[in-house]
Asks: 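Below are the structure tokens for one structure; questions will follow.
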Amino acid sequence: MSSGNRVDRDFFARPARIVAKSLLGKDLVHNSDVGLIKGKIVETEAYCDTDQLDLACHGDRSNSGRPTERTKVMFGPPGYAYVYFTYGMHWMFNIVTGVKGQANAVLLRALEPLEGLSIMTRNRKNLPLEQLTNGPAKLAQALAIDNSLNGTDLCLDNSVIWIEDNQPTKKMTICSGPRIGLGNTPEPWLSVPWRFWIRSNPFVSR
């Protein structure tokens, strides 16, 4: 069983951009039905991080900043999993941040595999190591994340999925740039540098 310290709710009760950067180097852990799966977070994206609407954010663009049945988890409280389906084929794993009542979340875009490699490889149909978790849909598939985890409280001691704070062994250089895959999202939301990643990590998405 993984032995790191679970991140508490206060960590997530901050603006998405702060949490997105702070998550880099921490571990996502899923105690799945077939075993423990764990990866170091190496890439994130922040959504809805200002008082203005973020038109790249589900919580804002779908209903003018009001929750829908699909997005209600995203409106808090912080520290919960927001899992959604996209392109008719992929699950995406987000963590709710900020304050209750405002859509605010961080998308996990890439992980560095740490534990449960045989499970990840099987889930990803025997692809090579460097392709297991280098993208948001890939990491969700590798870690057996689906809609059953939507709304899960990551901060409970008995939660099956959580974030661990393990001290990094190497100093990280954090980079930032525009978010990816936003389609026809207008400016300035298309270009705001709210994607964050660890420089030179081979598992950052391409």
Asks: Does the side chain of L24 come within less than 4.5 Å of T44's, by heavy atoms?
Replies: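 They are in side-chain contact.
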
Asks: Among residues at least two apart in sequence or on other chains, which ones pass side-chain contact (heavy atoms from CB on, under 4.5 Å) with R9?
Replies: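 So R9 forms a side-chain contact (heavy atoms from CB on, under 4.5 Å) with P78, Y80, D153, C155.
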
Asks: Under the 3.5 angstrom rule, does the side chain of T121 hit a backbone N or O of S118 as a donor-acceptor pair?
Replies: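 A pair under 3.5 Å: no.
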
Asks: Quick check: is I41 connected to I174 through a chain of hydrophobic side chains (ILVMFWY, heavy atoms under 4.5 Å apart)?
Replies: yes

Asks: Under 4.5 Å between side-chain heavy atoms, hopping through other hydrophobics if needed: is there a path connecting L114 to I198?
Replies: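 No: no chain of side-chain contacts under 4.5 Å links L114 to I198.
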
Asks: Looking only at heavy atoms, which two atoms of R6 and L156 are closest? And how far apart?
Replies: NH1-O, 2.9 Å

Asks: Identify whether the distance between the nearest side-chain nitrogen and carboxylate oxygen of D27 and K40 falls below 4.0 Å.
Replies: no

Asks: About how many Å separate CG of L28 and CD of E112, when rounded to the nearest 0.5 Å?
Replies: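 These two atoms lie 13.5 Å from each other.
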
Asks: Going by the rule ring pair (Phe, Tyr, Trp, His ring centres under 6.0 Å), which residues pair with Y84 if we only count those two or more places apart in sequence or in a different chain?
Replies: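 Counting only residues at least two positions away or on another chain, Y84 forms a ring pair (Phe, Tyr, Trp, His ring centres under 6.0 Å) with H58, Y82.
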
Asks: Please report the C-alpha distance between K26 and V7 in whole Å, then the side-chain angles of each, then the deciding distance to 0.1 Å, and finally whether the side chain to side chain contact (heavy atoms under 4.5 Å, CB included) criterion is met.
Replies: CA-CA 9 Å; K26 292 181 171 50; V7 171; 4.1 Å; yes

Asks: Output, in order, the C-alpha distance, side-chain angles, deciding distance and verdict of side chain to side chain contact (heavy atoms under 4.5 Å, CB included) for E43 and N201.
Replies: CA-CA 9 Å; E43 185 181 358; N201 187 283; over 6 Å; no

Asks: Any chance you could measure I37, atom CD1, to I161, atom CD1, to the nearest 0.5 Å?
Replies: 9.0 Å

Asks: Of all heavy-atom pairs between V96 and V73, which one has the smallest distance, and what is that distance?
Replies: CG2-O, 3.3 Å

Asks: Sequence neighbours left out, what passes side-chain contact (heavy atoms from CB on, under 4.5 Å) with R206? Give chain and number order.
Replies: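 R206: side-chain contact (heavy atoms from CB on, under 4.5 Å) contacts with V204.
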
Asks: Rounded to the nearest 0.5 Å, what separation is found between the OG atom of S176 and the NZ atom of K21?
Replies: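 Output value for this atom pair is 7.5 Å.
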
Asks: Is there any side-chain hydrogen bond (donor to acceptor under 3.5 Å, both in side chains) pair reaching into residues 136-146, and which pairs are they, with sequence neighbours excluded?
Replies: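 Matches after skipping sequence neighbours: R124-Q141, N134-K138, D146-S148.
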
Asks: Could you go through the side chain to side chain contact (heavy atoms under 4.5 Å, CB included) check for I95 and L23 one step at a time?
Replies: CA-CA 10 Å; I95 301 174; L23 280 168; 4.2 Å; yes

Asks: One pair to check against side chain to side chain contact (heavy atoms under 4.5 Å, CB included): F203 and L111. What are the steps and the verdict?
Replies: CA-CA 6 Å; F203 294 95; L111 304 175; over 6 Å; no

Asks: What are the two closest non-hydrogen atoms of P136 and M92, and how far apart are they?
Replies: CB-SD, 3.4 Å

Asks: Return the CG to CZ distance between N104 and R17, rounded to the nearest 0.5 Å.
Replies: 10.0 Å

Asks: Please determine whether the number of non-hydrogen atoms from other residues, nucleotides or ligands lying under 6.0 Å from atom CG of N147 exceeds 12.
Replies: yes

Asks: With a 3.5 Å distance limit and no angle check, can you tell me whether R179 reaches the backbone of V192 through a side-chain donor-acceptor pair?
Replies: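 Not at all, since once roles are kept as given, no pair shorter than 3.5 Å links the two residues.
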
Asks: What pairs with V99 under side-chain contact (heavy atoms from CB on, under 4.5 Å), at least two apart in sequence or on another chain?
Replies: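 Partners of V99 under the side-chain contact (heavy atoms from CB on, under 4.5 Å) test: Q102.
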
Asks: Return the set of residues passing side-chain contact (heavy atoms from CB on, under 4.5 Å) with D8 (not counting sequence neighbours), or none when no residue passes.
Replies: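 Scan of D8 (side-chain contact (heavy atoms from CB on, under 4.5 Å), adjacent residues dropped) gives D10, F11.
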
Asks: With hydrophobic residues grouped by side-chain heavy-atom distances under 4.5 Å, do L190 and I180 end up in a single group?
Replies: no

Asks: Output yes when a side-chain donor or acceptor of T71 lies under 3.5 Å from a complementary backbone atom of T68, and no otherwise.
Replies: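 Here the side-chain-to-backbone pair exists.
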
Asks: Compute both the distance and the angle, then confirm whether R195 meets the cation-pi test with W197: under 6.0 Å from the six-membered ring centre, within 45 degrees of the axis.
Replies: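 Cation-pi check for R195 and W197: passes.
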
Asks: Are K38 and E164 side-chain neighbours, meaning at least one heavy-atom pair lies under 4.5 Å?
Replies: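 Yes, at least one pair of side-chain atoms sits under 4.5 Å.
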
Asks: Using every non-hydrogen atom in the two residues, find where F75 and R66 come nearest and quote the distance to one decimal.
Replies: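 Closest approach of F75 to R66: CZ-C, 3.5 Å.
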
Asks: So, the side chain of S159 versus the backbone of W162: is there a donor-acceptor pair under 3.5 Å, distance only?
Replies: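 A pair under 3.5 Å: no.
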
Asks: If you take all heavy atoms of E115 and M120, which pair is closest and at what distance?
Replies: O-CE, 3.3 Å

Asks: To the closest 0.5 Å, what do you measure between CG (L143) and OG1 (T133)?
Replies: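 L143 CG to T133 OG1: 8.0 Å, rounded to 0.5 Å.
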
Asks: State, to 0.1 Å, how close A105 and M74 come at their nearest heavy-atom pair, and which atoms those are.
Replies: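 Heavy atoms of A105 and M74 come nearest at CB-CE, 3.7 Å.
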
Asks: Rounded to the nearest 0.5 Å, what's the gap from CD1 on I145 to CG on N123? Could you check?
Replies: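 Going from CD1 on I145 over to CG on N123, the span is 10.5 Å.
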
Asks: Verify salt bridge (Lys or Arg N to Asp or Glu O under 4.0 Å) between R109 and E45, making sure each step is shown before the conclusion.
Replies: CA-CA 7 Å; R109 282 199 55 86; E45 284 181 345; 3.8 Å; yes

